[in-house]
Amino acid sequence: MGDTGKEEYKIQSFDTETQQLLKTALKDPSSVDLEKVANIIVDQSLKDSVFSKEAGRICYTIIQVNNMPMMALVNPVYECLFRLAQPDSLKKEEEVDCLVLQLHRIGEQLEKMNSQPMDELFSLLRDGFLLEEGLSSLSQLLLLEIIEFRAADWKMTDAAQKYYYSEVTD
């Protein structure tokens, strides 16, 4: 378990019962309903964007302690990604950046666990890229890059690397 048991998490905004559930999940994930924990974390993250970073830390710790991917998180994670793929979110560069970053990190694993929502998500992203007016050039570039990344089996081709990141390295 390492240092994770010593870390403090910002869960004071929850009622006492929920705080206890989260503390138990952090110590012994197999003793709680992980789907319930996941839904609590996702609901709070959607209400309070500041909590999102903390939510990521909590989920990461639970996964490390549990020593396996959290199947219970697949659907709530998809829900968050779908929220970030809505037209109003696609018009905000920081939300597109967050969406693309998460897809780079966990997209392949999510798709392996459940590919149908990933197909639907990428249909939204493709339509947003092609049809949505008012997207910044950075948002369009990020969307195109993640669409090509998935099309290349979640790998960055040399040509794509050069196209998307050559100005960054020059």
Original post:
Atom OG1 of Thr16 and atom CG of Leu21: how far apart are they, to the nearest 0.5 Å?
Top reply: 12.5 Å
Original post:
OG1 of Thr24 to CD of Gln19: how many Å apart, nearest 0.5 Å?
Top reply: 11.5 Å
Original post:
What residues, two or more places apart in sequence or in another chain, satisfy salt bridge (Lys or Arg N to Asp or Glu O under 4.0 Å) together with Arg83?
Top reply: Asp88
Original post:
Is the closest side-chain heavy-atom distance between Asp127 and Phe122 below 4.5 Å?
Top reply: no
**OP:** Would you sort out whether Leu81 and Leu110 count as a side chain to side chain contact (heavy atoms under 4.5 Å, CB included), showing the intermediate values?
**Re:** CA-CA 11 Å; Leu81 295 174; Leu110 276 175; 3.6 Å; yes
Subject >> Separation between CD of Gln161 and NZ of Lys155, rounded to the nearest 0.5 Å >> reply: 14.5 Å
Original post:
When rounded to the nearest 0.5 angstrom, what is the spacing between NZ in Lys112 and CE in Met118?
Top reply: 11.5 Å
Original post:
Do the side chains of Lys162 and Thr157 get nearer than 4.5 Å, heavy atoms only?
Top reply: no
Original post:
Is Leu90 close to Leu84 at the side-chain level, that is, under 4.5 Å between some pair of heavy atoms?
Top reply: no
Original post:
So, do Asn114 and Gln116 sit near enough that their side-chain heavy atoms are less than 4.5 Å apart?
Top reply: yes
Subject >> Any Gln44 side-chain heavy atom under 4.5 Å of Thr18 side chain >> reply: no
**OP:** Mind listing the closest non-hydrogen atom pair of Gln109 and Arg105 along with its distance?
**Re:** OE1-O, 3.4 Å
Original post:
Can you find a heavy atom in the side chain of Ser139 that is under 4.5 Å from one in the side chain of Phe129?
Top reply: no
Original post:
Do Leu138 and Leu101 sit in the same hydrophobic cluster, where Ile, Leu, Val, Met, Phe, Trp and Tyr count as joined when their side-chain heavy atoms come under 4.5 Å apart?
Top reply: no
Side-chain atoms of residues 142-149: list all donor-acceptor pairs with protein atoms under 3.5 Å, sequence neighbours left out, distances to 0.1 Å.
{"residue": "Glu145", "atom": "OE1", "partner": "His104", "partner atom": "NE2", "Å": "2.9"}
{"residue": "Glu145", "atom": "OE2", "partner": "His104", "partner atom": "NE2", "Å": "3.0"}
{"residue": "Glu148", "atom": "OE1", "partner": "Tyr164", "partner atom": "OH", "Å": "3.1"}
{"residue": "Glu148", "atom": "OE2", "partner": "Tyr164", "partner atom": "OH", "Å": "3.3"}

Original post:
Within a strict 4.5 Å, meaning less than it, do heavy atoms of the Leu125 and Leu103 side chains meet?
Top reply: yes
Original post:
In Å, rounded to the nearest 0.5 Å, how long is the span from CD of Glu120 to OH of Tyr78?
Top reply: 9.0 Å
Subject >> side chain to side chain contact (heavy atoms under 4.5 Å, CB included) assessment of Asn75 paired with Asn39 >> reply: CA-CA 9 Å; Asn75 289 334; Asn39 286 331; over 6 Å; no
Show me the donor-acceptor pairs, under 3.5 Å and distance only, between side chains in residues 91-99 and residues at least two apart or in other chains.
{"residue": "Lys91", "atom": "NZ", "partner": "Glu132", "partner atom": "OE2", "Å": "3.4"}
{"residue": "Glu93", "atom": "OE2", "partner": "Ser136", "partner atom": "OG", "Å": "2.6"}
{"residue": "Glu95", "atom": "OE1", "partner": "Ser89", "partner atom": "OG", "Å": "2.6"}

Original post:
side-chain hydrogen bond (donor to acceptor under 3.5 Å, both in side chains) with Gln140: which residues, sequence neighbours excluded?
Top reply: none
**OP:** Compare all side-chain heavy atoms of Val42 with those of Cys80 and state whether any distance is below 4.5 angstrom.
**Re:** yes
Subject >> Results of ring pair (Phe, Tyr, Trp, His ring centres under 6.0 Å) for Phe14 - residues two or more places apart only >> reply: Phe51
**OP:** Report yes or no: do Asp28 and Ser30 form a side-chain donor-acceptor pair below 3.5 Å?
**Re:** yes
Original post:
With sequence neighbours left out, what residues match Asp119 under side-chain hydrogen bond (donor to acceptor under 3.5 Å, both in side chains)?
Top reply: Arg150
**OP:** Please round to the nearest 0.5 Å and tell me the distance separating atom NZ of Lys27 and atom CG of Leu22.
**Re:** 11.5 Å
